[in-house]
There are 2 protein chains.
Amino acid sequence: MREAFHDQLDQMFRDLAGICESVETAVRLATEALLSGDPAIAESVISADDDIDRARERVEDSAFLLLTLQQPVASDLRTVVAALRMVSELERMGDLSVHVAKIARLRVPNLAVPEPVRPIIERMAAVAEDMVHRVSSIITERDIEDALALAHADEEMDQLRRASFAELLSSDWEHGVEAAVDIALLGRYYERIADHAVSVANRVVFVVTGENPRAVGA
Amino acid sequence: MREAFHDQLDQMFRDLAGICESVETAVRLATEALLSGDPAIAESVISADDDIDRARERVEDSAFLLLTLQQPVASDLRTVVAALRMVSELERMGDLSVHVAKIARLRVPNLAVPEPVRPIIERMAAVAEDMVHRVSSIITERDIEDALALAHADEEMDQLRRASFAELLSSDWEHGVEAAVDIALLGRYYERIADHAVSVANRVVFVVTGENPRAVGA
């Protein structure tokens with residue numbers, strides 16, 4: 001019984017890692033749509049989000065089945081509940097990628113991101129994508145060390161966000177209000193993707209150590 | 001045993017309703033700080049958020065205790081897991097109120113919201129606050145009818161958000177990029193508070209009926 005339980009739990013974590021890979025693709029393609037202005041790529045991100053939603057439902061169903069049939073206690077119980085939370089956050093990261101893709105689509109045939117802030121947005125997107133990529137392997141390998149390191153990538157995101165505001169609000173800004181609003185919202189979306197990545201990584205730390213990251217020295 | 005379980009579950013829902021009332025206060029005061037530019041009110045929202053975080057931890061602890069000691073199955077299990085999710089969303093609504101308060105604080109001694117969009121922001125805030133208020137009683141009374149009606153308040157929020165963009169992007173806008181960015185982000189924060197309110201209400205529907213709102217005709 002216990003062995004079957006742990007097999008099912010492992011399968012659930014593989015499913016979570018699989019969803020995380022889909023989210024990574026969504027972040028990458030949403031950014032590509034944003035920087036290229038290609039509406040077909042934007043559409044592909046928007047329509048692929050259904051698959052992420054369905055994958056989330058499957059993880060939720062198997063979590064409930066596990067809870068009902070196996071009645072786990074203590075750390076096993078906390079692991080299943082953590083998985084339920086992780087899958088909600090991963091789904092939300094998919095939604096945020098859709099928001100990025102929708103800004104790209106809204107501005108076709110133009111680009112939402114004007115030249116002067118392009119490097120900052122590219123870097124934000126790269127940081128977010130890298131964080132999501134690392135979360136997949138953190139889930140698969142239960143890599144606590146990298147999970148704890150992930151919080152520092154989040155700091156770079158905060159700096160990038162401040163840098164983007166400095167650009168928008170400088171007297172040199174000549175791209176108008178619409179572009180500024182797009183950049184502010186894009187910054188918010190990438191920042192939230194990063195926040196959720198850190199949060200999912202922290203839940204892996206909790207699952208493995210039984211303690212929240214702050215208590216184990218993050 | 002079952003009776004004790006249901007007493008504890010009732011207590012948990014009373015705690016959730018209490019957190020929801022704290023969130024309602026946070027939304028109200030954050031808006032007051034925003035529209036008055038009073039930094040003391042903004043600070044009070046920011047510092048009160050710790051109480052919401054601690055209240056969330058208490059609900060989480062009692063949910064785990066219930067799961068461990070009572071080993072609920074079927075609908076009881078789903079109710080406890082739903083409570084865990086509701087408390088996460090309520091905490092997030094508190095965080096979003098803090099974001100509103102921080103924009104207010106950042107612009108002191110000025111006001112973040114210029115005159116022409118003041119009515120839209122006031123209305124957004126009123127819709128959000130009303131939704132949070134209704135969620136408290138939806139939780140306490142298990143009021144399915146109002147929970148299903150809440151989705152329509154969310155539609156008004158979408159309309160207000162579009163109206164705010166129309167103002168910012170009109171050729172008459174003479175308040176610059178900074179104010180436009182603030183308004184776009186404020187709109188996003190109030191919209192997210194509304195989204196979470198609908199989501200919490202939907203979870204109450206699920207707890208009572210065992211079905212997700214779309215299936216029962218929302």
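A note on names: the letters A, B, ... follow the listed sequences, proteins ahead of strands, and every chain is numbered from 1. The basis for the numbers below is simple: all heavy atoms, side chains too, and nothing from hydrogens, waters or symmetry mates.
By a heavy-atom distance cut of under 4.5 Å, not one residue of residues 46-53 of chain A is near chain B. Residues of residues 96-111 of chain B that come closer than 4.5 Å to chain A, counting heavy atoms only, are Leu96(B), His99(B), ordered by residue number. For residues 114-125 of chain A, an interface with chain B (any heavy-atom pair closer than 4.5 Å) does not exist.
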For a quick test of your reading: what N or O donor-acceptor pairs under 3.5 Å do the side chains of residues 77-87 of chain B make, sequence neighbours left out?
unit_1   : atom_1 : unit_2   : atom_2 : d
Thr79(B) : OG1    : Ser75(B) : O      : 2.8
Arg85(B) : NH2    : Glu60(A) : OE2    : 3.0

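Between Leu169(A) and Glu178(B), the closest heavy-atom pair is CD2-CA, 3.4 Å. Summarising the geometry of Val177(A) relative to Ala180(B), their closest heavy-atom pair is CG1-CB, 3.5 Å, with the distance given to 0.1 Å.
In terms of non-hydrogen atom pairs under 4.5 Å with chain A, the most contact-rich of Val73(B), Ile183(B), Val181(B) is Val181(B).
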